[in-house]
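The shown structure was predicted, so the numbers you read here are calculated from the model rather than taken from an experiment. In what follows, every chain begins at residue 1, and chains take the letters A, B, ... in the order their sequences are listed.
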Protein chains: 2
Amino acid sequence: MTTTQPADAPTTDTGPASDRIVDGLRRQILTGARAPGTRILQEDLAREFNASRLPVRDALRRLEGEGLVRLVANTGAWVESLSVHECTEAYLIRERLEPLLLSLSAPHLDDAVVDRLADLATRMQGADLETFLRLDREFHLLSYSGGAAPSIEEIVRRLWNSTQPYRRAYAVLVGVADSPATHAEHTLLVEALRRRDPQDAAHVLELHIRRTRVELARHPDVFDTD
Amino acid sequence: MTTTQPADAPTTDTGPASDRIVDGLRRQILTGARAPGTRILQEDLAREFNASRLPVRDALRRLEGEGLVRLVANTGAWVESLSVHECTEAYLIRERLEPLLLSLSAPHLDDAVVDRLADLATRMQGADLETFLRLDREFHLLSYSGGAAPSIEEIVRRLWNSTQPYRRAYAVLVGVADSPATHAEHTLLVEALRRRDPQDAAHVLELHIRRTRVELARHPDVFDTD
DNA sequence: TAAGGCGTGATTGGATACATTCACAAGACC
DNA sequence: GGTCTTGTGAATGTATCCAATCACGCCTTA
């Protein structure tokens, strides 16, 4: 049987070829340089990255898998544009998976990471919205970096990526960023991690995400229906 | 701005082109015709489906996104082979997401679907392992077909697909298939759906999945470490 | 004899050129 | 005047060919 396994361990991918395009386009989408709903032309991308349309297609397929691009056969590619419902779903999933992920990751976080988390939590307070969102993302994803559950971590990362470009939600999130509850929860979370209490940390996180989800659900008007 | 949305609703994909390869290869992996860990040669696939290597590459990229294929740059493609840990993770995720998905789907299931579920639950009893696994999959995925949470449904479907090819777990699952508890839980689930009690159905389902997960965790030896 | 380097072959990655499909719009018919 | 039809154009899908890369086996050497 042709079961020759790759060299040693077939770790993720680490493609040295057209990954330049994947990374670049992902960055453009996450930073908002390409807004949700805008069309992506293969030829434009090819020119932009000095490549042919072939690696571009590979890149689009991969980003489709990540939920950042929507491909329609024989028609074209668009930057993924979540509906209100899909955004709600994302938060429902996060509410279930992230506490689990944190409880699995927590035992593997050393003191240096916890210190870094504490620092991030402090710097978030009083920051402007853009800074808050950047630090908040770094804070939570760092807390999941224990490496105990890579599959869950990947799903969670995709959910963060999917919802991040939706600047329309900023009108609501600015309230979340200013809320004392948000920063209190971050503090509680760090302290639970310092106490090596994964269950408590997970519980705080569940409340944290639920509160944000409910806040978003209260203002469905921030989403246009175009 | 070039924001021209696709025709009407950019529903999923419905690609009329090389999707033949995606469907065919997915089927081969799910049915076990291609075992986990075996290599996939682009040229072989191209010959098999009477196409060039180019649509084959697209297909592999897409199935990589579905978690059924592992691509290593400049090296090749393999049928995804889950580790013990990844399999455990999959069940942990299912334990959290499927009850949620069921509680959202349940209100949208009409009587005909519930009848079909009851029929499937009955036919599962005393069936051989292959039949049980097929009916069990159909049973659970049908119970999620309310269409209330397509994003969650897609994640769950991928998890089912990822774990399905792992015939090594069959030694354990045969015990699950024979267990009276399994069929009792299926019955309870159908009755909860008939009563229109999504919360109860979700609760039963959570116990159902947890029991299977624990059973698998008790026999880590069914997984080789090659 | 065992370990390291090198060459060969096979396989994947990419570029160009052509075929196919779809969207949009202008025109004809009712 | 509205609706259906049809034609044009642009963008995607595919095939073939060439280049780059990696795995495997052989040879050399300590």
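- Residues forming a side-chain hydrogen bond (donor to acceptor under 3.5 Å, both in side chains) with A/R34 (at least two apart in sequence, or on another chain): A/Q28, A/E48.
- For the ring pair (Phe, Tyr, Trp, His ring centres under 6.0 Å) test, residues two or more places apart in sequence or in another chain that qualify with B/F139 are B/H186.
- The CD1-C1' distance, from B/I40 to C/dT12, rounds to 14 Å in whole Å.
- For the pair A/E43 CD and D/dG9 P, the computed distance is 17 Å after rounding to whole Å.
- The side-chain tip of B/R94 points at the ring of B/Y91 from less than 6.0 angstrom away and within 45° of straight on.
- At whole-Å resolution of the value, CD in B/Q42 and P in D/dA15 are 14 Å apart.
- With sequence neighbours left out, B/R47 forms a salt bridge (charged side-chain N to carboxylate O under 4.0 Å, His left out) with B/D44.
- Within 4.0 Å of A/L60, counting heavy atoms only, lies no atom of the nucleic acid at all.
- Comparing C/dG14, D/dT12, C/dA23 by their closest approach to the side chain of A/R39 singles out D/dT12.
- The side-chain contact (heavy atoms from CB on, under 4.5 Å) test applied to A/S151 returns B/E86, B/E89, not counting sequence neighbours.
- Residues that satisfy the side-chain contact (heavy atoms from CB on, under 4.5 Å) test with A/R210, not counting sequence neighbours, are A/E95, A/E206, A/L207, A/R213, A/V214.
- The interatomic distance linking B/R20 (CZ) with D/dG13 (P) rounds to 15 Å, in whole Å.
- Taking atom CG of A/N74 as the reference point, atom C1' of D/dA11 lies 9 Å away to the nearest angstrom.
- Distance B/L41 CG to C/dA10 P: 12 Å, rounded to the nearest Å.
- Listed by residue number, the members of residues 46-58 of chain B with any heavy atom below 4.0 angstrom from DNA chain D are B/A51, B/S52, B/L54, B/P55.
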